[in-house]
Amino acid sequence: FFLSKTLGRFAPNRIYFSGQCPRTPKQRRPSHLRGRRPSFMAAACCAIRGILPTTTTTRGRPAARGSSRARLASATSTSSSPSPPSFPVPQRTPHSGYHRVVGFPRPFFEGWYFRVTLPEQRDNVSLIYHVYDPDLPHSARRGAGAQVCSPGGKYIFRESTAVENFIAEPHELALRMRIPPAKGGRAAAGGGGSAAGKDGGGEFFEVVEGGARHRGRLLRGTESSEDPAVWPPEKCAQDVSWDISMRAVTGYGPPGTGSGVAGSTAGWLSALPVFEPHYQITMAHGLASGWVETDGVRTTFEDCPAYSEKNWGGAGFPIKWFWVQCNSFKDAPGLSLTATGGNRGVVVVPGMREEVAAVILHLGDGTFFPFLPIGGGGNSDNNSSGGNGGVWGEQLPPLLGDPAEVNWDISPWGSWRITATTSRHEIEVTAFADPLSSHPGTVLRAPQDDTSAGMAPLCVESFKGRLTVSLWALEPGTGRRGAVILDAVTSDSAAVEVGGGPWYSPWVGRGGLRGPL
């Protein structure tokens, strides 16, 4: 029952959806299957179809009349205020949709992270959405909400137990929530520009058009006053609204064979609950245009680097982790780097923990270098800077690829050093928090290792990290460094983060493929 429920969520002919939006024509079940529950084997086959790429693409295709995408898009698009330019719908990345299995009572969370880098200001806009335990009505942590880091280091967080107000698509990046008014909050009517809701006011957030459009508004009420020891008053925003369009340039993985389908970070392993919480980069690099307004001060931007990722699952979050991300390199346009690692529980062995890490690199020309403990889908051997086993649609399963050994040395705050090696390549990443920054780090709320607890102030993040990345090809047989692919490429607008704990001494670790895998 559990496997059929889990795998069934990927079935393209069956929707498990929390809202009342109708199916798109593509999702309509064949007439001979309507009214029947999918069998376990059908669900399993559909799960594989949902993880491995197909030849279907949604690039630039408009929403069908009456589709859920059109419904979400039209629900709040009646404003007369000017809005950013609309980009084509980006290519679909596996696991972009909502992983909830409606009616299946288990602890579950899902979180979405979107980042826009403002290189000239060395600043950032972060939009973070989450939902907890939608199918456990008596859960103490049941809720959904959003937090925003706006330019200047400002921060706002809003959460509500009205989970029924949160709706999301199961097969594409689309979500929306109307947040009930906060006690003591300011009236939302008036102001807020085009991010004011259809009814003229109210708090909400939404992602529509396959992730191409982001809009919302959050207001702080008296019930959400922050601890001044964690968030000084000058960091606390009272009113934040935004209207941003994003155009995906790189999803995840190599360009592929023309199918337009991005890859899955963990391959088919991302369908198995034993590897929860799962992780997926949904957009390694994109371009964003629009505005964010914080307490009456509006920041506008055009074609700035954008990035997105997500986590989901029923297991607890790592007890500590690190994260470095950057796709704003002046001398290497389109280059995107993500380096992350954590200490997490092993779902199938209660009480056992493991340390895992990965370094994921996309070059501007589409070349892909995944340094993953499970191997990964790098570029084909025909590429001189190649990868480890072919492009999507041709590669072997990730476990048969080229697994990496990842080593790291992370201070409690201020410095990150990560190296990773496969049989063919070696990468080195170093990053430092800017000691001269006027806001050296912003405390964010994050999931906890305890599946009965919700969001807590567990991580510190800065968007002014100074990062250097180098990449070498290794000589066959000897493993010595050979050709230089990236020679100390730098950026001064990296996102750097430590979380969990708290931990007070440097974290030196190594992650690789564990037995019996």
Side-chain angles (χ1 to χ4, degrees), residues 76 79 81 111-116 123-132 141-163 165-166 175-207 214-244 290-300 438-447 453-463:
T76 56
S79 171
S81 302
W112 296 259
Y113 179 95
F114 302 90
R115 178 181 182 230
V116 177
D123 219 326
N124 171 94
V125 179
S126 292
L127 308 172
I128 308 168
Y129 312 124
H130 70 274
V131 60
Y132 275 102
R141 69 172 187 172
R142 189 173 190 264
Q147 55 187 323
V148 176
C149 291
S150 60
K154 293 282 190 173
Y155 175 78
I156 190 169
F157 172 82
R158 287 285 283 120
E159 185 178 53
S160 172
T161 57
V163 178
N165 290 359
F166 179 90
L175 56 92
R176 188 174 191 275
M177 183 178 185
R178 174 72 64 180
I179 303 175
K183 293 180 181 180
R186 289 189 286 169
S194 63
K198 176 182 177 181
D199 57 1
E203 295 181 87
F204 78 101
F205 58 86
E206 67 175 5
V207 180
H214 300 247
R215 302 169 67 243
R217 188 181 190 189
L218 302 180
L219 300 172
R220 187 180 303 280
T222 56
E223 67 177 12
S224 58
S225 58
E226 305 289 14
D227 182 352
V230 179
W231 292 281
E234 62 270 18
K235 279 187 174 286
C236 296
Q238 303 299 316
D239 184 347
V240 179
S241 56
W242 62 95
D243 192 343
I244 301 170
W291 56 265
V292 58
E293 186 172 301
T294 306
D295 297 336
V297 178
R298 178 170 292 196
T299 301
T300 60
S438 59
H439 50 99
T442 298
V443 177
L444 303 179
R445 288 174 170 87
M455 303 289 277
L458 290 175
C459 66
V460 181
E461 186 167 312
S462 172
F463 308 107

Of all heavy-atom pairs between [X] and [Y], which one has the smallest distance, and what is that distance?
X      : Y      : answer
Pro457 : Val443 : CB-CG1, 3.8 Å
Pro447 : Leu458 : O-CD1, 3.5 Å
Gly152 : Asp123 : N-OD2, 2.9 Å
Gly441 : Ser462 : CA-CB, 4.3 Å
Thr442 : Gly153 : OG1-O, 3.9 Å
Ala237 : Val240 : CB-CG2, 3.6 Å

Subject >> Stepwise side-chain contact (heavy atoms from CB on, under 4.5 Å) check, Cys236 with Tyr155 >> reply: CA-CA 5 Å; Cys236 296; Tyr155 175 78; 6.0 Å; no
For a 4.5 angstrom cut-off between non-hydrogen side-chain atoms, does [X] reach [Y]?
X      : Y      : answer
Val207 : Phe114 : yes
Leu218 : Val148 : yes
Val163 : Val131 : yes
Ser150 : Trp242 : no
Arg176 : Phe204 : yes
Ile179 : Asn165 : no
Phe166 : Leu175 : yes
Phe205 : Arg215 : no

Subject >> Atom pair CD1 (Ile156) and CZ (Arg220), whose distance is rounded to the nearest 0.5 Å >> reply: 5.0 Å
**OP:** Compute whether any side-chain donor of one residue and acceptor of the other, for His130 and Gln147, lie under 3.5 angstrom apart.
**Re:** no
Original post:
Does the pair Thr294 and Asp239 meet the rule for a side-chain contact (heavy atoms from CB on, under 4.5 Å), with working shown?
Top reply: CA-CA 6 Å; Thr294 306; Asp239 184 347; over 6 Å; no
Subject >> Residues forming a side-chain hydrogen bond (donor to acceptor under 3.5 Å, both in side chains) with Tyr129, sequence neighbours excluded >> reply: none
**OP:** Would you sort out whether Trp291 and Arg298 count as a side-chain contact (heavy atoms from CB on, under 4.5 Å), showing the intermediate values?
**Re:** CA-CA 7 Å; Trp291 56 265; Arg298 178 170 292 196; 3.6 Å; yes
**OP:** I would like to know whether Val125 and Arg115 meet side-chain contact (heavy atoms from CB on, under 4.5 Å); could you show each step before the answer?
**Re:** CA-CA 6 Å; Val125 179; Arg115 178 181 182 230; over 6 Å; no
Original post:
Hey, is Glu203 close enough to Arg217 for a salt bridge, meaning N to O under 4.0 Å?
Top reply: no
Subject >> Result of checking Lys235, Arg158, Arg445, Lys154 against Glu226 for salt bridge (charged side-chain N to carboxylate O under 4.0 Å, His left out) >> reply: Arg445
